Amino acid sequence: MTRLKAPSALPELVKSAFAKACSDGHVHYYPSQATILYANDIPFQVRFSPALANKPKPAIKDHANPRKFFDPFADPPAALRVTTLSSLHYLVLNKFAVVPEHFILATTEFKPQTHVLEEADLEATLACIQAYEAAKGADERPGRHDGDTANDSGLFAFFNCGDHSGASQPHRHIQLLPIAGMKDGLAADGVWSVLADTLTSRSAPFATFAAKISLDMPAQDLHAVYLRLYRQACRAVAAHARETPIDEVTVEDEAEAAGEARISYNMALTKDTLVVCPRLAEGAVILGEDGAVLGTLSLNGTLLAGTALVKNEVEWEALKKDPEGLLQVLKRIGVTDEVVHGNLVRL
Ligand code: B4P
């Protein structure tokens with residue numbers, strides 16, 4: 001069976017669409033600064049973008065029915081469109097970018113964000129990742145120099161599903177971040193790299209289920225890997241609720257392979273790894289030294305890259321002053337490792 005391919009010039013298409021949309025005022029690009037904080041031994045990138053706090057609210061299109069939600073992926077303006085991938089999916093620029101060239105894979109027809117992903121969704125995502133990898137190879141040709149392109153590090157794809165995942169738009173979409181842009185503001189020889197790629201061999205402060213994948217694997221196999229990890233995540237949430245180790249959760253708790261997802265979760269896909277992270281909360285409070293609540297840190301699927309975004313200066317300063325605060329948040333937004341590894345201490 002032939003696999004879906006994205007245009008080989010995809011990185012260039014995204015780059016030129018982003019540059020034009022920024023200069024014409026169609027994309028809001030929010031500058032940010034970043035620092036590395038250690039959560040256990042994981043170098044976590046915390047990014048501060050105060051301007052994002054003033055992000056414009058979506059315009060109401062239907063004045064007769066102002067409470068009807070505005071769907072940014074129903075009919076995006078031509079200035080934001082990057083390309084059509086197939087009859088099922090198209091690519092659009094993120095109108096509110098913190099990372100340069102942030103773009104989004106959306107379904108052509110409305111499909112719910114809260115449904116289990118279909119094989120075609122993952123196939124289309126992998127096709128985008130593959131196009132960036134192929135361009136990377138091309139950029140390594142003799143005569144190219146560092147700085148010629150921002151495509152040297154590939155793509156990080158993430159998906160937010162459910163109330164506790166950081167999702168806000170109900171039209172199904174998977175977000176794509178050029179990894180080179182995610183390094184903006186960090187030292188070139190820095191210690192940060194995409195967390196997802198390490199999660200098959202290390203654990204995070206929150207439970208994750210990860211598997212190695214390859215760029216040339218059949219879409220059916222990729223989907224089977226996703227379903228296996230998603231089901232493990234469902235069992236982890238059931239185990240958490242019952243205060244029992246995951247091994248004691250029976251197969252009756254197996255989730256359906258289609259339709260409404262049973263849990264909130266984030267998914268990440270890179271050229272090597274697929275990760276599913278069950279979520280119990282969108283965020284958690286940041287406490288000051290005196291125990292006062294200084295703010296709330298909310299996290300979406302960029303968590304699986306090992307990143308967090310802060311819009312408020314008090315929260316930014318508090319996290320930098322006491323990185324333990326970040327670890328405490330990370331421990332509270334998902335299932336604990338004790339549930340997954342079976343050494344749960346019953347109270
Ligand atoms: P969702 O899954 O629904 O939610 P989200 O990523 O958390 O985005 P949200 O909009 O809630 O963003 P927030 O202010 O917290 O994704 C919706 C996507 O569609 C978003 O990317 C959104 O920007 C985009 N979108 C909305 N309206 C649009 C329109 N009219 N046209 C095109 N695209 C539209 O955060 C703001 C931005 O920062 C988001 O892009 C978010 O993904 C990004 N971000 C969050 N954490 C980050 C991190 N650690 N590093 C870098 N960027 C990060």
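Reckoned from all heavy atoms, side chains included, excluding hydrogens, waters and symmetry mates. Owing to the predicted nature of the structure, the values given are computational and were not obtained by experimental measurement. Atoms within each ligand, like the ligands themselves, are counted from 1 in listed order.
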Taking only heavy atoms of [X], which atoms of ligand 1 are found under 4.0 Å from at least one of them?
X	answer
I104	18 (C), 19 (O), 21 (O), 24 (C)
V99	51 (C)
L93	32 (C), 33 (N)
G166	4 (O), 5 (P), 7 (O)
L309	38 (O), 44 (N), 45 (C), 46 (N), 47 (C), 48 (C), 49 (N), 53 (C)
A167	2 (O), 3 (O)

Residues forming a side-chain hydrogen bond (donor to acceptor under 3.5 Å, both in side chains) with S298, sequence neighbours excluded: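 By the side-chain hydrogen bond (donor to acceptor under 3.5 Å, both in side chains) rule, S298 matches no residue at all.
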Closest candidate by heavy atom, reference atom 16 (O) of ligand 1, pool H173, K311, R47: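 Closest candidate by heavy-atom distance is H173.
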Best match, L177, T307, T302, V98: closest heavy atom to atom 47 (C) of ligand 1: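 Heavy atom nearest to atom 47 (C) of ligand 1 belongs to T302.
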Nearest to [atom], what protein heavy atom do you find, and at what distance?
atom	answer
atom 24 (C) of ligand 1	N94 OD1, 3.2 Å
atom 2 (O) of ligand 1	N160 ND2, 2.8 Å
atom 8 (O) of ligand 1	S168 OG, 3.9 Å
atom 37 (C) of ligand 1	F96 O, 3.5 Å
atom 45 (C) of ligand 1	N300 ND2, 3.4 Å
atom 28 (C) of ligand 1	P72 CB, 3.5 Å
atom 33 (N) of ligand 1	K95 N, 3.3 Å
atom 12 (O) of ligand 1	K55 NZ, 3.4 Å

Side chains of [X] and [Y]: donor-acceptor distance under 3.5 Å anywhere?
X	Y	answer
S264	D163	no
T107	H171	yes
T302	N300	yes

Close approach of F73 to ligand 1, heavy atoms, under 4.0 angstrom: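 Yes; F73 lies near enough to ligand 1 that a heavy-atom distance drops under 4.0 Å.
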Would you kindly specify which portion of [X] sits under 4.0 Å from ligand 1, judged on non-hydrogen atoms: side chain, backbone, both or neither?
X	result
L80	side chain
A308	backbone
V92	neither
Q175	side chain
L303	neither

Just by modelled atom types, is the [Y] backbone N or O under 3.5 Å from a matching donor or acceptor in the [X] side chain?
X	Y	value
R172	K111	no
Q113	H173	yes
D71	F73	yes
R279	A281	yes
D322	E324	yes
R3	M217	yes

side-chain contact (heavy atoms from CB on, under 4.5 Å) between Y230 and I263, intermediate numbers included: CA-CA 9 Å; Y230 161 68; I263 58 166; 4.1 Å; yes
Cluster check V310, L52: I/L/V/M/F/W/Y, side chain < 4.5 angstrom: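 As far as the 4.5 Å side-chain criterion goes, L52 and V310 are not connected within one cluster.
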Sole residue of L269, D216, L4 in side chain to side chain contact (heavy atoms under 4.5 Å, CB included) with L126: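 With L126 as partner, side chain to side chain contact (heavy atoms under 4.5 Å, CB included) holds for just one option, L269.
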